[in-house]
Amino acid sequence: MSNLNPRQKEAVRYIDGPLLVLAGAGSGKTRVITQKIVHLVKRCDLKGFHIAALTFTNKAAREMQSRLADQLEAKYRRGMRISTFHNLGLNILKREHSHVGLKPGFSIYDAQDVQQLIKELMRRAFDGDDQASEMQWQISAWKNDRISPGQAQLEANGDPKQVAASVLYEAYNRTLRAYNAVDFDDLIGLPVELFETQPEALEHWQNRIRYLLVDEYQDTNATQYRLVQQLVGVRGAFTVVGDDDQSIYAWRGAQPENLALLSEDFATLKVIKLEQNYRSAGRILKAANKLIGNNPHVFEKRLWSELGYGDPLKVIQAKNEDHEAEQVVSRLLAHKFQSGGRFSDYAILYRGNHQSRLFERALRESQIPYKISGGTSFFAYQEVKDIMAYLRLLVNDDDDNAFVRVINTPRREIGPTTLEKLAGYATGRGVSLCAAAYELGLETVLPERAVNRLREFVEWLADKSDQAQRGDPLEVVKSLVNDIRYEEWLLDTANDPKTAERRMGNVHELLAWLGRMAEQEGDGASLSDLVSRMTLMDILERNEDEQRDDCVALMTLHAAKGLEFPHVFMVGVEEQLLPHHSSLDEDNVEEERRLAYVGITRAQKTLTFSMALRRRKHGEVMDCEPSRFLGELPEDDLVWEGGGQPVDPEERQERGKAHLANLKDMLN
DNA sequence: TGGGGTGATATTTTT
DNA sequence: TATCACCCCA
């Protein structure tokens, strides 16, 4: 407690009612949350069992957990829930599944599964899957806003596209239930629905969670806010921490107005502002404050810092986008030599992922190690999806999506015709594909050979499922991979043995994760538990760059939220790019300004903006103007630089080599 | 069954 | 312009 400032202390100690902590960038909010948990346990005698802290990302949850582990003995942490919203939702559904029409072992569909399903439904209903992702987006938006298919249809007001989407929404939900499956949005939405209608269930969870903390509160959507409201009930024992200036996810349903809404819904709400920043030099904060001052505010806030004033901010004006990348990289390199720092002290932040390419190239040419965050998820690999589909089917034989994925992977000589007939039969009988395969009537529509193959498959599946229920789930999974000769199949299908090897490596990785998770969950863990937990995990692609740890970080402004770097380059700071043109059309400049604000406040010591005067867009060379946001920064703290002549590629190579030699010298 | 040709598309993304 | 998803074919 002694290392907290007075405001932070107040936020930690205040437990008399609902509390909103407005935590500016770099004001130590995670410290406050963890300290508060310690305070609740040690000073207020609250059992860990009765405390829940919610985050949006697994990363944030992990971070909080590990910080807490440093400050609180294990016995105090028993039963404490520090998890993402979605994991809490999963826990609730696991306990209450019967009330919302789910059977144990229900599947969780990720965005990819959902897209597949929606395309399938669209092909069936409108013979065509045009704009499937738009539909997917719309349905998710409705779910986030707590709008039912019926309401959606009413609100569509005859607009054909909206009507179609709402009809699809209805069919989609129905199908998901038939498959005994939920999507990510349902993990929050179904508990909310449940709590609206089942007071006993709500009471149980209110009794269980007696103090609730929520991180990044400005990112909550309507459904998540409702869940928070329900859980805290009239008691209102909660602390939410957020910053309206860092709300950059409104486009995916977040409602920053939930911050202001709190004071309406909880009359006794106390608000504490954390305005002392421990991260950035004075100049950087001054610029950030001035920029964000152009946005309207419900809560006024002014960050200050005791760190020095720091260097002026720079703006590099490059001739074109290649030149921009060159300039940024050569300045980064020069600065690193001069300061003797590490590559990991630097970050390059951009608005859109496509902007990374040029910087990657420039960094590679100069032999600078870098890592790009936001790679493909481990679970996107087809081999991982395959095995996961097997596991899903194993614990949930209603999951037709998984059935279709798995039935011919590897080949079982069950072709599209057989499947189609099976599907037709299943629909007629109102049962799942798996169940249909057992039915005797099947012989009337399918030749004996096909029926036998299907039976063989489902019987094998049932056998495995039995084993999984009785024995060690992990062993069953291993034997499953063995039974289907997956490795053989990978070798057959990949034209290059290296790819097959890599894919099998991913399968082993998956098994290893399952093993680790089984260990973590303890003896009682069923395969179903493991599978659903896995689906919510965030294992990222392991690329070679990540192995080295001294790397320049490349990421989008969105991905940078919550991070900090001694030296930040914000690139492509031009009109049409930041603010992005589509936000201009939609009159969303304020969110773009917050995005710029997030970028600026990532920097600790130096901040450099860059822009190109001309840039090719969609194959056409366009003139670019400096972002309006640059004009909103304090003029005296900004140094504009031309950027000099472009360096020719050969010289760049030379420079890279020289740099490498230099590194070697330093090592010797 | 994967690769090559074709045509649509071009912000941000977590769970 | 570059990428990506999809369709068709060998």
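The basis for the numbers below is simple: all heavy atoms, side chains too, and nothing from hydrogens, waters or symmetry mates. Letters A, B, ... mirror the listed sequences (proteins, then strands); counts begin at 1.
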- Task: Check the distance between B:dT13's C1' and A:D110's CG and give it to me in whole angstrom.
- Result: 13 Å

- Item | For atom CZ of A:R614 and atom P of C:dT1, their distance in whole Å | 16 Å

- Message: By the 4.0 Å heavy-atom rule, please label A:T556 as base, sugar-phosphate, or nothing.
- Response: sugar-phosphate

- Check whether more than 12 heavy atoms from other residues, nucleotides or ligands sit under 6.0 Å from atom CZ of A:R485, and answer yes or no. no

- Taking the six-membered ring for Trp, are A:H97 and A:F106 parallel (under 30°), tilted (30 to 60°) or perpendicular (over 60°)? tilted

- Using 4.0 Å as the upper bound for N to carboxylate O, is an ion pair formed by A:K385 and A:D113? yes

- Expressed as a whole number of Å, how far does the P atom of B:dT13 sit from that of C:dA5? 16 Å

- Message: Looking at the base of B:dT11, is there any donor atom on it, or on the side chain of A:R351, that sits under 3.5 Å from an acceptor on the other one?
- Response: yes

- Message: I want to verify a distance call: between B:dT15, B:dT11, B:dA10, whose nearest atom is closest to the A:S583 side chain?
- Response: B:dT11

- Would you indicate what A:N353 reaches in the nucleic acid, counting non-hydrogen atoms under 4.0 angstrom: base, sugar-phosphate, or nothing? sugar-phosphate

- Query: Within this structure, what is the CG-to-P distance between A:N221 and B:dT13, rounded to whole angstrom?
  - Reply: 18 Å

- So A:Y249 and A:W251, would you call those rings parallel, tilted or perpendicular, with 30° and 60° as cut-offs? tilted

- Verify the contact: side-chain N or O of A:N588 to OP1 or OP2 of B:dT11, cut-off strictly under 4.0 Å; return yes or no. no

- Aro-ring/base stack A:H580-B:dT11, d under 5.5 Å, angle under 30°: yes

- Task: Please report, rounded to the nearest Å, how far the C1' atom of B:dT14 is from the NE2 atom of A:H86.
- Result: 7 Å

- Message: Can you measure A:R615 atom CZ to B:dA10 atom P for me and round it to whole angstrom units?
- Response: 19 Å

- So what does A:R252 hit on the nucleic acid, given a heavy-atom distance under 4.0 Å: a base, only sugar-phosphate, or nothing? base

- Nearest-Å distance for atom pair CD/P, residues A:Q382 and C:dA5: 13 Å

- Message: Should the side chain of A:S582 and the base of B:dT11 be counted as holding a donor-acceptor pair, with the cut-off at 3.5 Å?
- Response: yes

- Message: Can you classify the ring geometry of A:F56 versus A:F85 as parallel (below 30°), tilted (30 to 60°) or perpendicular (above 60°)?
- Response: tilted

- Message: Please report the distance, rounded to the nearest Å, between OH in A:Y350 and P in B:dT11.
- Response: 15 Å

- Task: Using the closest heavy atom to pick a nucleotide of DNA chain B for each, name whichever of A:F56 or A:G352 lands nearer the 5' end.
- Result: A:G352

- Task: Tell me what A:N58 touches on the nucleic acid: a base, only sugar-phosphate, or nothing, going by heavy atoms under 4.0 Å.
- Result: sugar-phosphate

- Message: Determine whether a donor-acceptor pair (N or O, by modelled atom type, separation under 3.5 Å) exists between the side chain of A:S532 and the backbone of A:S528.
- Response: yes

- Item | Selected nucleotide, minimal atom distance to A:R357 side chain, candidates C:dT3, B:dT11, B:dT15 | C:dT3

- Query: With a centroid cutoff of 5.5 Å and a plane-angle limit of 30°, would you call A:W251 stacked on B:dT11?
  - Reply: no

- Item | Along DNA chain B (nearest heavy atom to each residue), the more 5'-positioned of A:W489 and A:L536 | A:W489

- B:dT11 P sits how many Å from A:R593 CZ, rounded? 21 Å

